[in-house]
Amino acid sequence: MPELSELPVLPREFYAQPTIEVARGLLGQAIVHGDRAGRIVEVEAYVASYKGISDQAAHSSRGLTPRTRVIFGPPGHAYVYLIYGIHECLNIVAEPEGTPGCVLIRALEPLVNLPPASGPGKLTRALGISRSHYGHDLLHPPLTIRQLIPPNGRPPETIATSPRIGIRHCAEWPLRFFLRGNPHVSRR
DNA sequence: CTGGTGATGCAC
DNA sequence: TGCATCACCAGG
């Protein structure tokens, strides 16, 4: 394990790509918050539209509001929201500024000072991330995403695809991506 | 399977 | 102003 602060931070151009490419590209990379770090092993894409159909499961589908503002802003920032009154969920903003799109981080493999964190609510708790990080620029400490592999490289494990978990709209769309066989991927 | 918990968006 | 909804999790 190299020194975390020496790992390159993922550049702005990476996040400006289409959301699905950002989602796949985030797999195998490191989330670093202070002295804690984990490797991303499971994500979901939330887009403006997929195959010409509007993604009604995406928070941005109801337009620009105080909560969704950051999703329409410049890429590489954190969208954090509260769900079911208890759990905070971390999303990464993708697409060029003005186009909504974000990636939900669903599970991490522990790297440094992190307990197992399978599931979007558990991982924010484990990393110490909350709504106070809403809009944080992920190119700057203390919360960064750093490359363990080249920005558009392939992780050693195969990337598997499945429907997104826990949603009602667009339930069959294959927008969940995870590292096949990784034991830290969340259960279905 | 169920209940807890509170912000959000929209109907009225 | 009310209320249905919600990208979750722990417990049984």
Side-chain angles (χ1 to χ4, degrees), chain A residues 15 17-29 31 33 36 38-51 53-73 75-95 99-110 114-136 138 143 145 159-180 182-188:
Chain A
Y15 298 103
Q17 299 178 94
T19 306
I20 290 176
E21 291 190 35
V22 174
R24 299 174 66 94
L26 283 172
L27 290 174
Q29 309 292 10
I31 296 187
H33 184 218
R36 305 175 231 186
R39 178 174 178 255
I40 301 171
V41 300
E42 177 184 351
V43 297
E44 285 176 357
Y46 288 85
V47 296
S49 67
Y50 178 71
K51 296 184 190 272
I53 305 176
S54 161
D55 183 3
Q56 304 215 61
H59 291 172
S60 55
S61 71
R62 257 75 72 196
L64 201 162
T65 68
R67 183 175 68 150
T68 62
R69 174 181 54 80
V70 72
I71 310 175
F72 291 82
H77 293 248
Y79 167 49
V80 186
Y81 69 94
L82 181 69
I83 188 73
Y84 299 115
I86 301 180
H87 307 286
E88 320 256 358
C89 290
L90 170 65
N91 295 251
I92 312 303
V93 174
E95 308 276 353
T99 303
C102 64
V103 178
L104 172 66
I105 309 300
R106 288 197 54 93
L108 301 177
E109 173 183 318
L114 202 70
S118 300
K122 286 168 75 171
L123 81 86
T124 51
R125 172 71 60 108
L127 275 175
I129 290 173
S130 71
R131 282 165 290 166
S132 68
H133 299 273
Y134 180 94
H136 175 79
L138 295 160
L143 177 58
I145 300 186
I159 297 180
T161 302
S162 84
R164 295 174 291 184
I165 291 178
I167 58 168
R168 196 162 56 87
H169 300 290
C170 317
E172 299 307 309
W173 294 5
L175 297 182
R176 173 178 176 246
F177 307 97
F178 59 98
L179 299 183
R180 187 182 295 285
N182 189 290
H184 300 95
V185 169
S186 71
R187 297 268 138 224
R188 283 276 267 151

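The figures here come from the full heavy-atom set of this structure, side chains too, leaving out hydrogens, waters and symmetry mates.
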*Asks:* Output, in order, the C-alpha distance, side-chain angles, deciding distance and verdict of side chain to side chain contact (heavy atoms under 4.5 Å, CB included) for Ile20(A) and Phe177(A).
*Replies:* CA-CA 9 Å; Ile20(A) 290 176; Phe177(A) 307 97; 3.8 Å; yes
*Asks:* Rounded to whole Å, please give me the gap between CZ in Arg131(A) and C1' in dG6(B).
*Replies:*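 Rounded to the whole Å, the gap is 8 Å.
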*Asks:* Pick one: which of Leu123(A), Leu127(A), Ile145(A) meets side-chain contact (heavy atoms from CB on, under 4.5 Å) with Ile105(A)?
*Replies:*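 The side-chain contact (heavy atoms from CB on, under 4.5 Å) with Ile105(A) is passed solely by Leu123(A) among Leu123(A), Leu127(A), Ile145(A).
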*Asks:* For the side chain of His87(A), counting heavy atoms from C-beta on, which of dG9(B), dG4(B), dA7(C) is nearest?
*Replies:*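 It is dG4(B).
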*Asks:* Starting at CD of Gln56(A) and ending at C1' of dC6(C), how long is that distance when rounded to a whole Å?
*Replies:*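 In whole Å, dC6(C) C1' lies 15 Å from Gln56(A) CD.
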*Asks:* Let me know the distance between CG of Leu123(A) and C1' of dC9(C), rounded to the nearest Å.
*Replies:*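 Taking CG of Leu123(A) and C1' of dC9(C), I get 13 Å after rounding.
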*Asks:* Whether the Glu95(A) and Thr19(A) side chains hold a donor-acceptor pair (N or O, under 3.5 Å, no angle test) is what I'd like checked.
*Replies:*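 Yes, a side-chain donor-acceptor pair sits under 3.5 Å.
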*Asks:* Has Arg168(A) got a side-chain N or O lying under 4.0 Å from the OP1 or OP2 atom of dC6(C)?
*Replies:*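 Looking at the OP1 and OP2 atoms of dC6(C), one of them is under 4.0 Å from a side-chain N or O of Arg168(A).
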*Asks:* Does a nitrogen or oxygen in the side chain of Arg125(A) sit under 4.0 Å from OP1 or OP2 of dC8(C)?
*Replies:*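 Answer is no, no contact under 4.0 Å.
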*Asks:* With centres under 5.5 Å and planes under 30° as the test, does Tyr46(A) stack with dA7(C)?
*Replies:*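 Tyr46(A) ring centre within cut-off of dA7(C) base, planes near parallel; stacks.
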*Asks:* Given that Lys122(A) and His169(A) both sit by DNA chain C, which one's nearest nucleotide is further toward the 5' end?
*Replies:*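 Nearer the 5' end of the strand: His169(A).
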*Asks:* Under 4.0 Å, heavy atoms only, any strand: does Gly121(A) hit a base, just the sugar-phosphate, or nothing?
*Replies:*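 Contact class for Gly121(A): sugar-phosphate only.
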*Asks:* Closer than 4.0 Å, any side-chain N/O of Thr65(A) to the OP1 or OP2 of dT8(B)?
*Replies:*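 Answer no for this pair, as no side-chain N or O of Thr65(A) is under 4.0 Å from OP1 or OP2.
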*Asks:* For the pair His59(A) and Tyr81(A), name the ring-plane relationship: parallel under 30°, tilted 30 to 60°, perpendicular over 60°.
*Replies:*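 Geometry flag for Tyr81(A) against His59(A): perpendicular rings.
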*Asks:* Using whole Å, report how far NE2 of His59(A) lies from P of dC6(C).
*Replies:*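 Computing the His59(A):NE2 to dC6(C):P distance gives 9 Å.
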*Asks:* Apply side chain to side chain contact (heavy atoms under 4.5 Å, CB included) to residues Glu88(A) and Ile129(A) and explain how you reach the verdict.
*Replies:* CA-CA 8 Å; Glu88(A) 320 256 358; Ile129(A) 290 173; over 6 Å; no
*Asks:* Mind pulling the stems DNA chain B is in, i.e. runs of at least three Watson-Crick or G-U pairs, everything under 3.5 Å?
*Replies:*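 Stem segments, range with range: B:1-4 with C:8-11, B:6-11 with C:1-6.
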*Asks:* What integer distance in Å separates Ile86(A):CD1 from dG3(B):P?
*Replies:*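 Atom-to-atom, Ile86(A) to dG3(B), this comes out as 14 Å.
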*Asks:* Evaluate side chain to side chain contact (heavy atoms under 4.5 Å, CB included) for Leu64(A) paired with Ile71(A), printing each intermediate quantity in order.
*Replies:* CA-CA 8 Å; Leu64(A) 201 162; Ile71(A) 310 175; over 6 Å; no
*Asks:* Starting from C1' on dT5(B), measure out to CG on Leu82(A) and report it in whole angstrom.
*Replies:*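 So the CG-C1' distance, Leu82(A) to dT5(B), works out to 8 Å.
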*Asks:* Tyr79(A) OH to dA7(B) P: how many Å, rounded?
*Replies:*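 My rounded result for the distance is 14 Å.
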*Asks:* What I want to check is whether an N or O donor and acceptor connect the side chain of Tyr81(A) with the base of dA7(B) at under 3.5 Å.
*Replies:*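 No pair found.
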*Asks:* Between Pro120(A) and Gly85(A), which has a closest nucleotide on DNA chain C that is more 5'?
*Replies:*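 First, find each residue's nearest nucleotide; the 5'-ward one identifies Gly85(A).
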*Asks:* Find the distance Glu88(A):CD to dT8(B):P and express it as a whole number of Å.
*Replies:*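 Value for this atom pair: 11 Å.
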*Asks:* Would you kindly check if the NZ (Lys) or CZ (Arg) of Arg164(A) is within the cone defined by 45 degrees around the ring axis of Tyr46(A) and under 6.0 Å from the six-membered ring centre?
*Replies:*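 Positive - Arg164(A) is close enough to the ring of Tyr46(A) and near enough to its axis.
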